Protein chains: 2
Amino acid sequence: MDTKEKILAAALKLYNSKGINTTTRHIAASMSISAGNLHYHYKHTDDIIRTLYEKLEAEFDGLMGNVQEEGEMSLATLNRSFGQSFQVLYKYRFIFLHFVEIGTRVPDIRNAYHQLVKRREAEFKALFYQLAAAGVFRKDIPDEIWSALVTQIFIVNDYWLSMNEMTDRLKGKEAAAAYQQLVNALLYPYLAKP
Amino acid sequence: MDTKEKILAAALKLYNSKGINTTTRHIAASMSISAGNLHYHYKHTDDIIRTLYEKLEAEFDGLMGNVQEEGEMSLATLNRSFGQSFQVLYKYRFIFLHFVEIGTRVPDIRNAYHQLVKRREAEFKALFYQLAAAGVFRKDIPDEIWSALVTQIFIVNDYWLSMNEMTDRLKGKEAAAAYQQLVNALLYPYLAKP
DNA sequence: TTGAATTTAGAACAAATGTACTAAATTTCA
DNA sequence: TGAAATTTAGTACATTTGTTCTAAATTCAA
């Protein structure tokens with residue numbers, strides 16, 4: 001039955017392993033259905049990519065919801081939430097490995113991402129001020145620096161996978177560990193008492 | 001004469017403006033020569049991309065040479081050299097906007113880049129230790145944090161353009177200014193006396 | 001159970017693309 | 001100047017790709 005879901009799963013697997021130039025024929029063949037059938041469920045290739053991006057955003061929103069319910073924010077919870085978000089990044093890694101091309105091909109995705117970033121920027125900045133007030137972060141950091149830190153975090157988040165792909169090519173757990181260490185280090189010089 | 005150079009210039013312009021899916025027919029048409037002629041000079045499309053990448057690396061090496069000749073290193077020279085390197089990044093921006101795809105299509109490029117990163121990592125770390133010794137940077141930063149900072153700088157360097165393309169889409173001078181501010185902010189919390 | 005709706009496979013089509021081939025034009029240089 | 005080398009335009013071809021179409025098969029519902 002839910003062929004539509006199976007198509008998404010097969011597409012995600014192939015996009016992650018073979019890149020964004022994977023064709024609908026390849027996807028269909030990989031799950032032993034016809035290309036005609038695939039296009040019955042998703043008229044355009046980009047519809048598949050758009051749907052996968054929507055699932056990604058939904059998973060991120062789910063994570064963010066969890067974090068905010070958790071009550072008070074500590075450095076430990078922040079780090080844990082980076083770890084969880086990496087799992088999502090990695091699951092949908094083909095999107096980040098080909099982000100500009102996907103954003104150009106599917107403008108809906110670019111627009112949605114643009115809005116997502118704007119939303120998250122405010123949340124993160126508020127969080128940092130909270131942690132500074134709580135004595136976890138330094139109190140002598142000017143506002144523009146906090147803003148810049150948020151952007152740095154986003155860039156490292158969304159493009160660490162690309163850098164990794166072009167250099168060390170760590171996989172799975174090793175990738176997660178290297179990423180986690182890098183994000184931790186990003187916050188280190190802002191700590192009130194290192 | 002020098003049709004080979006003209007092809008590179010036309011290709012760079014089109015890749016930057018239309019993306020990596022630009023075809024040899026488009027490139028040839030944009031400079032009013034035949035596709036046959038273009039392929040006489042560059043047998044394979046990827047040869048053009050490879051050559052452009054080589055020029056990029058050469059320009060970077062040129063910059064690094066300048067910096068090292070300049071004698072003692074200050075925060076001001078470091079910042080100036082970031083500014084210059086942005087000009088090169090921007091000139092060849094299509095490479096960074098489609099880095100993973102290019103690296104996959106042309107393994108030579110991925111390998112060359114991998115080596116470049118390893119080389120630069122050592123240079124940057126030495127530089128930071130030098131600036132810490134000179135009292136510009138803090139002396140209480142552990143070694144892994146300096147290593148992480150170098151990686152952060154590389155990611156921001158190589159992928160700021162992608163982030164910009166997916167969000168604000170700043171061009172020219174505005175792009176350069178936003179980039180410069182972000183890199184400056186990256187170093188801020190490491191300063192001995194902010 | 002039977003008729004309608006849905007799903008499927010497979011063929012077919014048009015556009016795009018990289019590149020090879022050929023013959024003409026142009027340049028080089030002895 | 002005239003032959004050889006280089007450069008150029010244009011055509012042609014094979015492949016790939018997204019998508020549509022048709023008819024058969026399957027599922028669903030009354």
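Because the structure is predicted, anything quoted here is derived from the model rather than measured.
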*Asks:* With sequence neighbours excluded, tell me which residues meet salt bridge (charged side-chain N to carboxylate O under 4.0 Å, His left out) with B/R110.
*Replies:* none
*Asks:* Restricting to side chain to side chain contact (heavy atoms under 4.5 Å, CB included), what partner residues turn up for B/S17, sequence neighbours left out?
*Replies:* B/L14
*Asks:* Please name all residues satisfying side chain to side chain donor-acceptor pair (under 3.5 Å) with B/Y42, sequence neighbours left out, ordered by chain then number.
*Replies:* none
*Asks:* State which residues pass side chain to side chain donor-acceptor pair (under 3.5 Å) with B/K55; sequence neighbours excluded, sorted by chain then number.
*Replies:* B/E5
*Asks:* Hey, what are the protein-to-nucleotides 4-6 of chain D N/O distances that come in under 3.5 Å?
*Replies:*
none

*Asks:* With sequence neighbours excluded, what pairs up with B/R93 under the salt bridge (charged side-chain N to carboxylate O under 4.0 Å, His left out) test?
*Replies:* none
*Asks:* Quick one: which residue pairs count as a ring pair (Phe, Tyr, Trp, His ring centres under 6.0 Å) with a foot in residues 82-102 of chain B, not counting sequence neighbours?
*Replies:* B/Y15-B/F94, B/F86-B/Y90, B/F86-B/W160, B/F86-B/Y179, B/F96-B/F99, B/F99-B/Y113
*Asks:* For DNA chain D, report each stem as range with range, ordered by first number, or say none. Use Watson-Crick or G-U wobble pairs under 3.5 Å, at least 3 in a row.
*Replies:* C:1-30 with D:1-30
*Asks:* Who passes side chain to side chain donor-acceptor pair (under 3.5 Å) against B/K118, sequence neighbours left out?
*Replies:* A/D168
*Asks:* So, using salt bridge (charged side-chain N to carboxylate O under 4.0 Å, His left out) as the criterion, who are the partners of B/K125 when residues are at least two apart?
*Replies:* B/D143
*Asks:* In whole angstrom, what separates B/H41's NE2 from D/dA9's P?
*Replies:* 9 Å
*Asks:* Answer yes or no: is there an ion pair linking A/K4 with A/D47, defined by an N-O contact shorter than 4.0 Å?
*Replies:* no
*Asks:* Whole Å only: how far is the CG atom of A/N37 from the P atom of D/dA25?
*Replies:* 15 Å
*Asks:* Round to the nearest Å and state the distance from A/I33 atom CD1 to C/dT6 atom C1'.
*Replies:* 15 Å
*Asks:* When you check every protein heavy atom under 4.0 Å of nucleotides 16-27 of chain C, what one-letter string (B, S, -) results, 5' to 3'?
*Replies:* -BBBS-------
*Asks:* Who passes side chain to side chain donor-acceptor pair (under 3.5 Å) against A/R25, sequence neighbours left out?
*Replies:* none
